[in-house]
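What you see below is based on every heavy atom in this structure, not just the backbone, and it leaves out hydrogens, waters and symmetry mates. Since this is a predicted model, take the numbers as computed values, not measurements. One is the number of the first residue; the rest follow in order along the sequence.
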Amino acid sequence: MSDPNPPTCSSSSTVAVSLGSESYETAHVHEVYQHIAPHFSATRFKPWPIVERFLREMPTGSVGLDVGCGNGKYLTVNPNVYMIGSDRSVARSSNLIGIAHERKTHESFVADALDLPHPEARFDFAISIAVIHHFSSSERRIASIKSILATLKKGTPDQNVPGGRALIYVWALEQKNSRRGWDEGHAQDVFVPWVLSKQYSKSNTSKDAMELQETPQETNAKTPKEAIYQRYYHLYRKGELEADVVAAGGCVLESGYEKDNWWVICNNLTS
């Protein structure tokens, strides 16, 4: 489940500025994904195994959410359930959610995970895959989990009726066997580069790129420079995701590690 884009994160990619604000995330997450959306979407087409299993285990007729659905690749995994996808976007466009919406398979629209427009306690399940690590403070990450948990149906244990469940994935700090080499003791708040393929660039000399880099092969003045966009991530250490779920008022039902990611299946404590 590692990012297919080839660059690794150097020590200079460590975040050294103030975190924890919506404006920070707009600049270092949302605007970046606006620029790279078509290229990013082209690399996101195969469901991750545990996510696919979670969705296929849902009973026929279940209704669920994909919070941070991106291009909507998970919305059609199980044709026997109905899913509503949402993704955050800056005001001027909605590239990723636009891709999901164009597929016309399930409902999808622009929404912030911190302010979901859904009624509380109405949904059988929810997923949020590789999203929460983009929030730039512990408070905002916990608040986003709380927002997701609030949408889940409440169970009635005395009648043996289970409540709704959520599956949440985040990038792990412990990636010593990956090409990035992060591990315990490394910085948790980092910038991760995305090299934009020229075929997806509106302008070969994009002025909006957060970094422009010339490769050794691009010494000819007529050869376009390569645009590199830096995305903010909070890398979760072991046990941190479970702690955030508990802090959000949730109960961890299952948890684990898969290919550079930590994941949890959880519900609301009142479920």
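The backbone N or O of Gly164 sits nowhere less than 3.5 Å from a side-chain atom of Asn267 that would complete a donor-acceptor pair. In this structure, the side chain of Gln188 does not engage the main chain of His234 through any donor-acceptor pair within 3.5 Å. A donor-acceptor pair under 3.5 Å links the side-chain atoms of Thr26 to the main chain of Glu22, judged by distance alone. Looking at Lys73, its side chain does come within 3.5 Å of a backbone N or O of Lys46 through a donor-acceptor pair. Although no hydrogens or angles enter the test, the distance criterion places a donor-acceptor pair under 3.5 Å between the side chain of Asp124 and the main chain of Val63.
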Could you walk me through whether Glu25 and Arg88 satisfy the salt bridge (Lys or Arg N to Asp or Glu O under 4.0 Å) test, starting with their C-alpha distance in whole Å, then the side-chain angles of each, then the deciding distance to 0.1 Å, before giving a yes or no? CA-CA 11 Å; Glu25 292 155 11; Arg88 171 74 158 80; over 6 Å; no
Assess the residue pair Leu235 and His186 against the criterion (side-chain contact (heavy atoms from CB on, under 4.5 Å)); give the C-alpha distance rounded to whole Å, side-chain angles, the decisive distance to 0.1 Å, and a yes or no. CA-CA 9 Å; Leu235 305 176; His186 288 180; over 6 Å; no
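Under the 30°/60° scheme for interplanar angles, the aromatic rings of His28 and Tyr24 are found to be tilted. Between Tyr229 and His35, the ring-plane angle classifies as parallel under the 30° and 60° cut-offs. Between Trp263 and Tyr169, the ring planes lie parallel to each other; the angle is under 30°, not in the 30° to 60° tilted range.
The distance from atom CG of Leu152 to atom CD of Glu120, rounded to the nearest 0.5 Å, is 10.5 Å. Taking OG1 of Thr151 as the start and CZ of Phe125 as the end, the distance is 10.5 Å to the nearest 0.5 Å. Rounding to the nearest 0.5 Å places CG of Leu114 at 12.0 Å from CD1 of Ile142. Residue Ile129 holds its CD1 atom at 11.5 Å from SG of Cys69, rounded to the nearest 0.5 Å. Here Lys238 contributes atom NZ and Glu184 contributes atom CD; the two are 9.5 Å apart, rounded to the nearest 0.5 Å. For the atom pair CD1 of Ile148 and CD1 of Ile127, the computed distance is 10.0 Å after rounding to the nearest 0.5 Å.
When side chains are defined from C-beta on, Ser86 counts as touching Leu116, because their heavy atoms get closer than 4.5 Å. Residues Cys266 and Leu149 meet the side-chain proximity criterion, which asks for heavy atoms closer than 4.5 Å.
Heavy-atom minimum distance, Val77 versus Leu55: CB-CD1, 3.9 Å. The two atoms that bring Pro193 and Ile228 nearest to each other are CB-CG2, 3.6 Å, heavy atoms only. Minimum interatomic distance between Ser136 and Arg141 (heavy atoms only, all atoms of both residues): C-NH1, 3.7 Å. In this structure, Asn78 and Met58 approach most closely via the heavy-atom pair ND2-O, 3.7 Å. When every heavy atom of Ala130 is checked against every heavy atom of Trp48, the shortest pair comes out as CB-CH2, 4.3 Å. A pairwise comparison of heavy atoms in Phe54 and Arg165 identifies CZ-O, 3.7 Å as the closest pair.
Between the side chains of Tyr236 and Asp244, a donor-acceptor pair is found at a separation under 3.5 Å. Side-chain N/O atoms of Glu242 and Trp262 include no donor and acceptor closer than 3.5 Å.
Ile168 and Phe123 fall within a single hydrophobic cluster, where Ile, Leu, Val, Met, Phe, Trp and Tyr side chains are chained together by heavy-atom contacts under 4.5 Å. Put simply, Val29 and Trp194 are part of the same group of oily side chains (I, L, V, M, F, W, Y) that touch within less than 4.5 Å, one to the next. Residues Phe135 and Val67 fall into different hydrophobic clusters, defined by Ile, Leu, Val, Met, Phe, Trp and Tyr side chains chained together at heavy-atom separations under 4.5 Å. No single ILVMFWY cluster, assembled from side-chain heavy atoms under 4.5 Å apart, contains both Val246 and Leu253. With hydrophobic clusters built from ILVMFWY side chains whose heavy atoms lie under 4.5 angstrom apart, Tyr233 shares a cluster with Ile36.
Among Tyr33, Phe191, Trp171, the single residue meeting the ring pair (Phe, Tyr, Trp, His ring centres under 6.0 Å) criterion with His134 is Tyr33.
More than 12 heavy atoms of other residues, nucleotides or ligands shown are found within 6.0 angstrom of CD on Glu52.
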